[in-house]
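Notes for the one structure printed next.
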Amino acid sequence: MPAQMIQGRETRISDMNLFADIRALVVATLEQMVAQDALPVDLSFDAITVEPPRDAAHGDMATNAAMVLAKPAGMKPRDIAEALSTRLTADERITSAEVAGPGFLNLRLAPSVWQQVAGGVLEAGTDFGRSALGQGVSVNVEYVSANPTGPLHVGHTRGAVFGDALASLLDYAGFDVTREYYINDGGAQVDVLARSVYLRYLEAHGQEVAFPDGTYPGDYLIAVGEALKDKVGDAYVDEDESVWLEEVRDFATDAMMDLIRADLEALGVEMDVFFSEKSLYGTGRIEAALADLESKGLIYEGVLQPPKGKKPEDWEPREQTLFKSTDHGDDVDRPVKKSDGGWTYFAPDIAYHYDKVQRGFDQLIDVFGADHGGYVKRMKAAVSALSEGRVPLDIKLTQLVKLFKNGEPFKMSKRAGTFVTLRDVVDQVGPDVTRFVMLTRKNDAMLDFDFDKVLEQSRENPVFYVQYAHARVSSVMRKAAEAGIATDDAVLRQADLTKLDHEAELALLRKLAEWPRLVETAARSNEPHRVAFYLYELAGDFHGLWNRGNDTPALRFLQEGDAATSQAKIALARSVAIVIAAGLGILGVTPAQEMR
RNA sequence: GGACCAUUAGCUCAGCUGGAUAGAGCGCUGCCCUCCGAAGGCAGAGGCCAGAGGUUCGAAUCCUCUAUGGUCCGCCA
């Protein structure tokens with residue numbers, strides 16, 4: 001399935017991706033060689049890459065073309081590389097092409113090529129790096145999808161930030177993105193919610209109530225109980241559950257969703273679609289999805305083997321209605337009906353994904369917490385079966401967040417009421433810091449979140465370090481304005497960028513040139529954390545150049561009495577700020593104009 | 001018993017889908033403040049990429065097995 005997804009995103013059209021440009025040049029040159037009988041026909045150029053070398057001393061870009069083609073062409077890598085080298089250097093952008101190592105071709109590009117990167121950034125603004133990778137491909141990203149039984153906690157926060165940043169990243173890469181939240185409002189847990197709210201309702205009427213096991217004792221339901229009282233008065237006080245359950249359930253889930261929407265808003269997350277599980281019941285939609293599977297011969301009555309190793313106390317073999325998910329890569333077949341005839345949790349999930357497939361999405365992504373890892377295979381099996389392999393489903397799991405306070409682990413307990421909510425986090429450190437920090441780890445790695453450290457203003461705090469770089473550029477712009485130097489982007493675009501000829505400046509330009517490529521790489525792997533790491537590196541390079549200005553006045557962004565040179569250098573600084581702003585925009589973080 | 005994820009410097013983690021001598025921050029060692037912002041800067045030491053096999057021109061990356069840690073394992077959601 002991943003292979004299909006990668007293929008689906010293979011259309012690469014980029015106007016400002018230098019690496020793609022040079023790769024195109026390499027491929028065109030190879031085709032020319034084929035036409036001149038310097039290479040055999042029918043070679044595939046797909047595996048050829050042009051990328052930044054690990055070691056900058058090797059050059060600006062490296063291509064593996066000779067090594068990839070050596071075997072199928074029946075030639076020595078060095079011979080191909082030599083021939084390619086001669087032809088490539090004819091292009092004015094290439095100043096040298098040296099064969100190295102096992103057959104790498106190391107390319108050096110003319111300074112003017114790099115200098116033009118700043119012009120490209122100023123021209124495109126925060127659209128610099130937008131890609132056509134996902135052109136014409138629609139993606140549905142489902143995330144958060146927390147049960148509507150209470151406020152979002154810190155675990156949901158990571159999923160919310162990750163899913164939202166991923167959606168933005170894909171949008172930036174040209175995909176047609178839908179952000180979606182699946183409301184689990186159809187199962188037994190919303191009945192539990194209803195009973196809990198009912199108890200708070202009785203409490204609002206002055207009764208003493210106790211919260212037995214299996215109810216939610218949280219304070220956040222007090223207001224809901226009171227609101228229910230305001231709405232229905234004492235109509236349900238002495239009534240049986242059968243009278244009030246349905247209405248109280250709807251009332252309570254609506255209230256919880258209001259709460260959750262407000263939480264998401266505080267974090268800056270905005271969904272396109274809220275999809276109700278309940279809408280699948282009693283409308284024939286679950287039946288329709290299962291009928292689809294049945295028509296493919298994937299539904300049968302059978303008995304599952306008990307799990308080995310640990311024996312459930314009350315295990316009894318039972319005949320159940322099963323989905324033959326093993327036909328689509330799962331380990332065991334999965335029940336879709338409970339022994340009492342009701343649907344399992346899996347059944348509406350199948351129907352929900354069936355709905356997504358029918359809405360015509362080309363790709364699906366689900367973001368789950370790591371504790372739902374066991375559902376990955378069955379969901380993929382379901383989507384594979386329902387779409388007959390047409391729609392790839394990628395499931396991203398977000399690992400636990402471990403909370404710390406000043407280096408000390410922060411104990412959470414639902415019973416003691418000390419569990420940390422999304423709101424707690426956002427109120428303490430703000431949405432920008434929350435979001436950035438949540439993306440400073442790969443999604444499937446555990447994340448330490450220290451309430452104090454994330455607010456520290458030091459190099460080891462990436463949030464600060466990146467924001468500081470952006471703020472420093474703003475500071476330069478302000479100082480330039482005070483010195484009477486025009487710094488509008490329109491003016492900077494006319495600056496003489498050939499003045500950016502110092503190696504340190506060219507290095508920073510090279511880093512900027514990597515941005516479009518990084519966007520595509522991150523989007524292909526559905527990994528927004530790569531954006532955060534890139535920004536940290538870019539900020540580091542920028543700070544490095546800034547610091548060199550301490551010893552080398554010629555590298556300072558403001559050159560007293562030389563407006564033309566100042567403008568060229570400011571164009572570079574401004575380009576850095578633009579890319580940082582674009583990257584932060586993907587992460588949902590507001591760039592800082594100054595540090596406080 | 002099984003599935004999934006992790007394992008990279010003393011610590012916390014990246015590593016661009018298979019490329020060259022494996023990187024960053026912290027910590028450690030040594031230098032550096034009349035200087036656009038020292039809430040720092042520069043340089044250095046530090047690695048058998050958990051272990052063992054395999055795939056090929058080439059592996060931290062892909063495959064198999066092993067070890068350790070985490071998550072999960074009819075009808076709960």
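For clarity, every value in this text was computed on a predicted model and none was experimentally measured. Just so we're on the same page: letters track the sequence lines, and every chain starts at 1.
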Salt bridge flag under 4.0 Å for residues Arg510(A) and Glu503(A): yes
It should be established whether His372(A) places a side-chain nitrogen or oxygen under 4.0 Å from OP1 or OP2 of nucleotide rC76(B). no
Identify whether NZ of Lys or CZ of Arg in Arg517(A) sits under 6.0 Å from the centre of the six-membered ring of Phe19(A) and within 45° of that ring's axis. yes
Side-chain atoms of Glu51(A) come closest, of rU17(B), rG74(B), rG15(B), to rU17(B)
To the nearest Å, how far apart are Leu133(A) CG and rU17(B) C1'? 14 Å
Could you check how far NE2 of His543(A) sits from C1' of rC36(B), rounded to whole Å? 15 Å
Nucleotide rG23(B), atom P - distance to NE2 of His58(A) in whole Å: 10 Å
Answer yes or no: does a side-chain N or O of Lys338(A) lie under 4.0 Å from OP1 or OP2 of rA77(B)? yes
Which part of the nucleic acid, if any, lies within reach of Arg472(A) when heavy atoms closer than 4.0 Å are counted: base, sugar-phosphate only, or nothing? sugar-phosphate
Test the Lys337(A)-Trp343(A) pair against the cation-pi criterion, namely NZ or CZ under 6.0 angstrom from the six-membered ring centroid and within 45° of the ring axis. yes
chi for rC33(B) classified (syn = within 90 degrees of 0, anti otherwise) as syn
Base, sugar-phosphate or nothing for Asn461(A)? Non-hydrogen atoms, less than 4.0 Å. nothing
So, is Lys71(A) close to the rC57(B) phosphate, meaning a side-chain N or O under 4.0 Å from OP1 or OP2? yes
Are the side chains of Leu280(A) and Tyr352(A) in touch, meaning some heavy atoms are under 4.5 Å apart? yes
rG15(B) phosphate, OP1 or OP2: any side-chain N/O from Lys442(A) under 4.0 angstrom? yes
Only Watson-Crick and G-U wobble pairs, only distances under 3.5 Å, only runs of 3 or more: what stems does that leave for RNA chain B? B:1-7 with B:67-73, B:10-13 with B:23-26, B:28-32 with B:40-44, B:50-54 with B:62-66
Syn/anti state for rU17(B) [syn: chi within 90° of 0]: syn
Can a side chain N or O of Lys479(A) be found less than 4.0 Å away from OP1 or OP2 on rG37(B)? yes
Would you mind telling me which of rC76(B), rA6(B), rC35(B) lies closest to the side-chain atoms of Asp444(A)? rA6(B)
What is the separation between atom CG on Asp450(A) and atom P on rC13(B), rounded to the nearest whole Å? 13 Å
Interatomic distance, Tyr345(A) OH vs rC73(B) P [rounded to whole Å]: 12 Å
Angle class for the His372(A)/Tyr375(A) ring planes (parallel below 30°, perpendicular above 60°, tilted otherwise)? tilted
When you measure from the side-chain N and O atoms of Lys377(A) to the phosphate of rC4(B), is any distance below 4.0 Å, counting only OP1 and OP2? yes
Which whole-number value in Å describes the distance from Asn547(A) CG to rC33(B) C1'? 13 Å
Taking 5.5 Å and 30° as the limits, would you call Phe533(A) and the base of rA14(B) a stacked pair? no
Nearest of rU71(B), rU17(B), rC16(B) to any side-chain atom of Ser525(A)? rU17(B)
